[in-house]
Amino acid sequence: METTDTVTALAALAQDNRLDVFRLLVQAGPDGMAAGAIAEALDLAPNTLTFHFDRLRMAGLATVRREGRSMIYAARFETMNALVDFLTENCCGGTPCAPAETCKPARKRNKIPA
């Protein structure tokens, strides 16, 4: 992943609603999720959600397809993985990282259903 692509992806994720949308898409897996179900799950207005979807799509983090009358959005896992790879490429100077002393569970956010 190029630096400019990384900056674009991070900028797209640097907004709480878009981050929530992307996390929900990741949880939904490769099949994705209908826009209406996402709007309901995150309590977002459809026009607001469209704006956030567009930003995620422009950053290469999401795709959309039509199924009947529904728009199905899905995370682009290859882009997500490339972003993580870019961020950790030089982790620990190329040597194995020291294990963390303690590992805290991920902070759960109330807005994203389990």
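The first residue of the sequence shown is numbered 1, and numbering continues consecutively from there. Every value quoted in this text rests on a predicted model; they were computed, and no experiment measured them.
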Next item on the list: Could you walk me through whether Thr63 and Arg76 pass side chain to side chain contact (heavy atoms under 4.5 Å, CB included), step by step?
Entry: CA-CA 7 Å; Thr63 61; Arg76 289 195 60 208; 3.2 Å; yes
Notebook entry, point to check: How many angstroms lie between atom CG of Leu49 and atom CG of Asp43, to the nearest 0.5 angstrom?
Noted result: 11.0 Å
Next item on the list: Count the heavy atoms of every other residue, nucleotide or ligand shown that sit under 6.0 Å from CD of Glu2, and state whether that count exceeds 12.
Entry: no
Next item on the list: To the nearest 0.5 Å, tell me how far Thr8 OG1 sits from Arg55 CZ.
Entry: 9.0 Å
Note to self: Could you check whether any side-chain N or O of Thr48 sits under 3.5 Å from a backbone N or O of Leu44, counting only pairs where one atom can act as donor and the other as acceptor?
What the structure shows: no
Check: If you look at every heavy atom in Ala74 and Gly32, which pair is closest and at what distance?
Finding: CB-CA, 3.8 Å
Checklist line | Joint cluster assignment, Phe22 & Leu10, ILVMFWY side-chain distance < 4.5 Å | finding: yes
Notebook entry, point to check: How many angstroms lie between OG1 in Thr6 and CD in Glu89, if you round to the nearest 0.5 Å?
Noted result: 9.5 Å
Notebook entry, point to check: Hey, quick one: are Leu13 and Val84 part of the same hydrophobic cluster, counting side-chain heavy atoms closer than 4.5 Å, chains of contacts allowed?
Noted result: no
Check: How far apart are the closest heavy atoms of Leu25 and Ala62, and which atoms are they?
Finding: CD1-CB, 4.1 Å
Margin query: As an exercise, state the distance from CE of Met33 to CG of Leu24, rounded to the nearest 0.5 Å.
Written below: 4.5 Å
Next item on the list: Decide whether Leu19 and Leu42 are clustered together by the hydrophobic rule: side chain heavy atoms of Ile, Leu, Val, Met, Phe, Trp, Tyr closer than 4.5 Å, transitively.
Entry: yes
Check: Do Met1 and Thr79 touch side chain to side chain, with heavy atoms closer than 4.5 Å?
Finding: yes
Notebook entry, point to check: Between Met58 and Leu83, is there a shared hydrophobic cluster once you connect ILVMFWY residues whose side-chain heavy atoms come closer than 4.5 Å?
Noted result: no
Next item on the list: State, with a plain yes or no, whether a side-chain heavy atom of Phe86 is found less than 4.5 Å away from one of Asp5.
Entry: no
Item checked: From His52 atom NE2 to Ile38 atom CD1, the distance as rounded to the nearest 0.5 Å -> 12.0 Å
Notebook entry, point to check: What distance separates Phe51 CZ from Gln15 CD, expressed to the nearest 0.5 Å?
Noted result: 7.5 Å
Next item on the list: Step through the shown structure and confirm whether more than 12 heavy atoms of other residues, nucleotides or ligands are within 6.0 Å of CZ on Arg65.
Entry: yes
Check: What are the two closest non-hydrogen atoms of Leu61 and Ala12, and how far apart are they?
Finding: CD1-CB, 4.2 Å
Next item on the list: State plainly whether one hydrophobic cluster holds both Phe77 and Phe53, where clusters connect Ile, Leu, Val, Met, Phe, Trp and Tyr through side-chain heavy atoms under 4.5 angstrom apart.
Entry: yes
Next item on the list: May I ask you to test the Arg57-Tyr73 pair for a side-chain heavy-atom distance under 4.5 Å?
Entry: yes
